[in-house]
Amino acid sequence: MLFRSISRKGAWAGIAILALAAACPAQSTHRPVQPVHHRKARVRAQKKPTAAEVRAAAAVPAAPPPLRPLNQPAKPATITLSAGKLAVKADNSSLVQILDQLGKSGGMSISGLNQDQRVFGDYGPGNPSQILSELLEGAGYNVLMLGVTREGTPKK
């Protein structure tokens, strides 16, 4: 008798509420379906390498990583000193080598070089004192230039 007293609108409302409650994920009892495998996966036996293949693989040397400029030998710089103008062209050149060569060609006396650095770039032509300052900028040396030689370079 209870069912006869519910109107048609009320019945449809009840069905709608039950449908919404069933679709609500918080109250859902739906379990994910596990995949079914109909065929068993076949495992292939991996072939073991022969002793000769192992030796051949070990004999191939790995290529060494490329050398960084500091790990490569220094290249001599091109130093030109004429008519009171100094020009230096360096490509991974030693700062000590540049200053030693400049000291010999320009009559300079250089002291206090305790660490070598690499130099890259074109310096000059220009005033030798100015070019030397550019070469030594950022090298970590305190520089004092005294006097002038006939070639225009500092004496010390």
Side-chain angles (χ1 to χ4, degrees), residues 16-17 19-156:
I17 290 174
L20 286 174
C24 180
Q27 296 178 359
S28 176
T29 58
H30 175 63
R31 293 182 185 165
V33 177
Q34 296 294 326
V36 178
H37 298 288
H38 295 288
R39 296 182 184 171
K40 290 185 178 179
R42 294 184 183 182
V43 178
R44 293 184 182 179
Q46 293 182 354
K47 178 185 165 190
K48 289 187 177 181
T50 64
E53 291 173 340
V54 171
R55 282 191 300 268
V60 176
L67 292 176
R68 294 182 176 175
L70 290 176
N71 296 338
Q72 295 177 355
K75 299 175 186 174
T78 304
I79 298 173
T80 308
L81 180 62
S82 64
K85 300 288 182 185
L86 174 63
V88 178
K89 291 187 180 191
D91 179 28
N92 195 19
S93 302
S94 165
L95 179 62
V96 171
Q97 178 264 326
I98 292 171
L99 294 175
D100 285 344
Q101 187 177 349
L102 189 57
K104 290 175 185 173
S105 65
M108 292 179 11
S109 171
I110 301 171
S111 61
L113 297 176
N114 56 3
Q115 67 182 26
D116 196 10
Q117 295 184 8
R118 297 298 172 90
V119 180
F120 298 86
D122 295 336
Y123 301 88
N127 180 355
S129 296
Q130 184 179 1
I131 301 302
L132 282 171
S133 294
E134 288 177 19
L135 273 170
L136 294 169
E137 184 178 334
Y141 290 107
N142 293 324
V143 180
L144 179 63
M145 297 183 205
L146 301 172
V148 178
T149 64
R150 279 187 267 151
E151 289 80 14
T153 61
K155 281 186 181 181
K156 291 187 174 196

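Heads up: numbering here begins at 1 and tracks the sequence.
- Ile110 CD1 to Asp100 CG: the interatomic distance, rounded to the nearest 0.5 Å, is 6.5 Å.
- Atoms CG and CG, on Leu113 and Leu136 in that order, are 8.0 Å from each other to the nearest 0.5 Å.
- One finds the CD atom of Glu53 at 13.5 Å from the NZ atom of Lys48 (value rounded to the nearest 0.5 Å).
- Lys89 places none of its side-chain heavy atoms less than 4.5 Å from the side chain of Ile79.
- The distance from atom CG of Leu102 to atom OG1 of Thr153, rounded to the nearest 0.5 Å, is 6.0 Å.
- Here Tyr141 contributes atom OH and Leu99 contributes atom CG; the two are 8.0 Å apart, rounded to the nearest 0.5 Å.
- With Gln117 contributing its side chain and Ala139 its backbone, the two residues share a donor-acceptor pair below 3.5 Å.
- Identified under the salt bridge (Lys or Arg N to Asp or Glu O under 4.0 Å) test for residues 70-80, with sequence neighbours left out: Lys75-Asp91.
- The distance from atom OG1 of Thr149 to atom NZ of Lys156, rounded to the nearest 0.5 Å, is 13.5 Å.
- Residues Pro128 and Met108 have side chains not in contact (no heavy-atom distance under 4.5 Å, counting atoms from C-beta outward).
- Pairs engaging residues 105-129 under the salt bridge (Lys or Arg N to Asp or Glu O under 4.0 Å) rule: none recorded [sequence neighbours left out].
- Within the structure, the salt bridge (Lys or Arg N to Asp or Glu O under 4.0 Å) test picks out no pair touching residues 124-153 (sequence neighbours left out).
- Considering all non-hydrogen atoms of both residues, Ser105 and Leu81 come closest at O-CD2, 4.3 Å.
- Of all the heavy atoms in Ala90 and Val119, the pair that sits closest is CB-O, 3.5 Å.
- What you find for Met145 and Pro154 is that their closest heavy atoms are SD-CG, 3.6 Å.
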